[in-house]
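For reference, the structure discussed in these notes is given below.
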Amino acid sequence: MSKKPVIVFEGIECSGKSYHIFNVAKYLKKRKIDFIKVREPGGSFNSEKIRKLILDKKSNFDKITDLLLYLAARSENIRQLRKFHKKKIILIDRFLDSTIAYQHYGFGIDIKLINLLNKIILKEFKVDFTFLNIVNKKNMIQRLKERKSQNRYDNFNVNFYQKVQRGFMKLVKKNKKKYKIINSNLPKKHNQNEIIQSIEKLL
Ligand code: TMP
């Protein structure tokens with residue numbers, strides 16, 4: 001059996017990543033291709049409990065506590081995902097790059113600490129390909145206003161998200177072959193086709 005890829009969808013709020021991962025899942029289902037789809041923070045039963053704690057609007061943890069909670073959620077999620085690693089396609093809505101983009105580039109936490117903790121948690125689990133969804137400031141402001149349920153991480157200053165997005169872009173520049181940038185300012189249908197074409201190559 002050929003090794004199945006781990007495919008991640010990244011991007012700041014309102015960049016369209018959840019929409020596209022949903023469509024990819026629909027496409028795979030239609031083609032009767034087996035896959036697992038999870039989100040972070042979250043995924044497993046325990047990780048979803050941690051997600052609630054972090055993103056609850058009433059929580060007011062500091063940035064180090066947040067980092068440890070995101071990683072605690074990842075540690076629990078990975079325990080489940082490991083069972084399917086390379087056996088099934090794994091689609092993840094946010095993963096390591098979100099921690100580097102938000103906690104390091106956004107909040108200034110030492111990247112060495114993040115990398116070390118991730119290494120301990122992930123061991124041999126690796127991402128094969130990432131779709132980075134980007135959005136411009138104007139569209140982001142508009143889409144944030146239209147969002148129904150907002151969580152604690154939906155209420156930062158727009159400049160903060162732009163900083164985080166620049167962080168994501170730095171990660172792409174370091175390893176271009178493993179990323180595809182999806183410009184969510186373009187029509188959804190166009191992006192959907194681009195993503196499906198890339199998925200086909202990964203299968
Ligand atoms: P979302 O998945 O519903 O977009 O919301 C999750 C929020 O959590 C989002 O603002 C990004 C943030 N986040 C981090 O700050 N660090 C992480 O490691 C992960 C996975 C998410």
Side-chain angles (χ1 to χ4, degrees), residues 6-25 37-44 46-81 90-122 125 127 130-135 137 139-141 143-171 182 184:
V6 175
I7 304 168
V8 175
F9 287 73
E10 291 282 10
I12 56 169
E13 276 62 14
C14 306
S15 63
K17 66 179 172 51
S18 303
Y19 172 85
H20 286 302
I21 199 171
F22 173 81
N23 271 309
V24 169
K37 175 168 110 37
V38 291
R39 64 177 176 181
E40 281 212 353
S44 71
N46 289 340
S47 312
E48 286 292 330
K49 284 204 224 172
I50 301 171
R51 178 187 173 95
K52 277 203 188 115
L53 193 62
I54 309 173
L55 297 178
D56 186 340
K57 274 199 213 159
K58 290 184 201 130
S59 296
N60 66 343
F61 303 120
D62 85 346
K63 58 185 184 181
I64 295 289
T65 311
D66 270 0
L67 169 71
L68 296 173
L69 287 173
Y70 280 118
L71 294 176
R74 179 160 306 142
S75 178
E76 284 300 308
N77 193 22
I78 280 289
R79 239 163 22 110
Q80 302 293 320
L81 288 184
I90 300 178
L91 305 176
I92 318 181
D93 187 337
R94 295 195 183 283
F95 203 47
L96 296 193
D97 287 0
S98 274
T99 318
I100 298 174
Y102 284 80
Q103 276 64 51
H104 170 63
Y105 287 111
F107 289 114
I109 298 177
D110 188 349
I111 196 162
K112 286 195 212 111
L113 172 67
I114 297 174
N115 285 339
L116 174 67
L117 291 172
N118 269 322
K119 205 168 150 194
I120 292 167
I121 292 167
L122 295 186
F125 191 95
V127 172
T130 300
F131 291 96
L132 172 63
N133 297 261
I134 56 168
V135 58
K137 205 168 172 176
N139 283 339
M140 194 210 171
I141 294 169
R143 290 176 197 174
L144 260 183
K145 270 189 208 151
E146 288 162 8
R147 268 202 172 183
K148 278 183 219 111
S149 74
Q150 295 208 341
N151 66 46
R152 181 175 154 238
Y153 265 62
D154 284 334
N155 289 311
F156 295 125
N157 184 300
V158 176
N159 292 330
F160 170 80
Y161 296 113
Q162 294 296 308
K163 189 159 76 168
V164 171
Q165 184 161 274
R166 286 196 294 278
F168 275 122
M169 294 297 288
K170 285 182 192 158
L171 295 175
I182 301 299
S184 85

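Numbers here are sequence positions counted from 1. One-based numbering, in listed order, for ligands and for the atoms of each.
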Relative to the ring of Y70, is the ring of Y153 parallel (under 30°), tilted (30 to 60°) or perpendicular (over 60°)? perpendicular

### Query
Parallel under 30°, tilted from 30 to 60°, perpendicular over 60°: which one fits the rings of F156 and Y161?
tilted

Atoms of ligand 1 under 4.0 Å from any heavy atom of E40, numbered from 1 in the order shown, are 2 (O), 20 (C)

*asked:* Tell me whether R79 is salt-bridged to E76, with the criterion being a basic N under 4.0 Å from an acidic carboxylate O.
replied: yes

Closest to atom 15 (O) of ligand 1 among protein heavy atoms sits Q103 NE2, 3.0 Å

Q. Quick one: do the S44 and N77 side chains pair a donor with an acceptor below 3.5 Å?
A. no

The answer for which part of R39 has a heavy atom under 4.0 Å from ligand 1 is neither

closest protein heavy atom to atom 3 (O) of ligand 1 is R51 NH2, 2.9 Å

Within 4.0 Å of some non-hydrogen atom of R74, the atoms of ligand 1 are 18 (O), 20 (C)

When distances are taken from atom 1 (P) of ligand 1, the protein heavy atom at minimum range is R94 NE, 3.7 Å

So for E10 against ligand 1, with non-hydrogen atoms under 4.0 Å, the contacting part is neither

#### Entry: Salt-bridge criterion met for R147 and D154 (N-O under 4.0 Å)
yes

In this structure, atom 18 (O) of ligand 1 is nearest to the protein heavy atom T99 OG1, 2.6 Å

Closest to atom 8 (O) of ligand 1 by heavy-atom distance, out of Y70, Y153, F107, F156, is Y70

Neighbour count >12 (heavy atoms, 6.0 Å) for atom CZ, F22: no

| said: For ligand 1, which is the ligand I care about here, please tell me if E13 has any N or O atom under 3.5 Å from one of the ligand's N or O atoms. | reply: yes

Centre of F95's six-membered ring, under 6.0 Å away, within 45 degrees of the axis: is that where NZ or CZ of R74 sits? yes

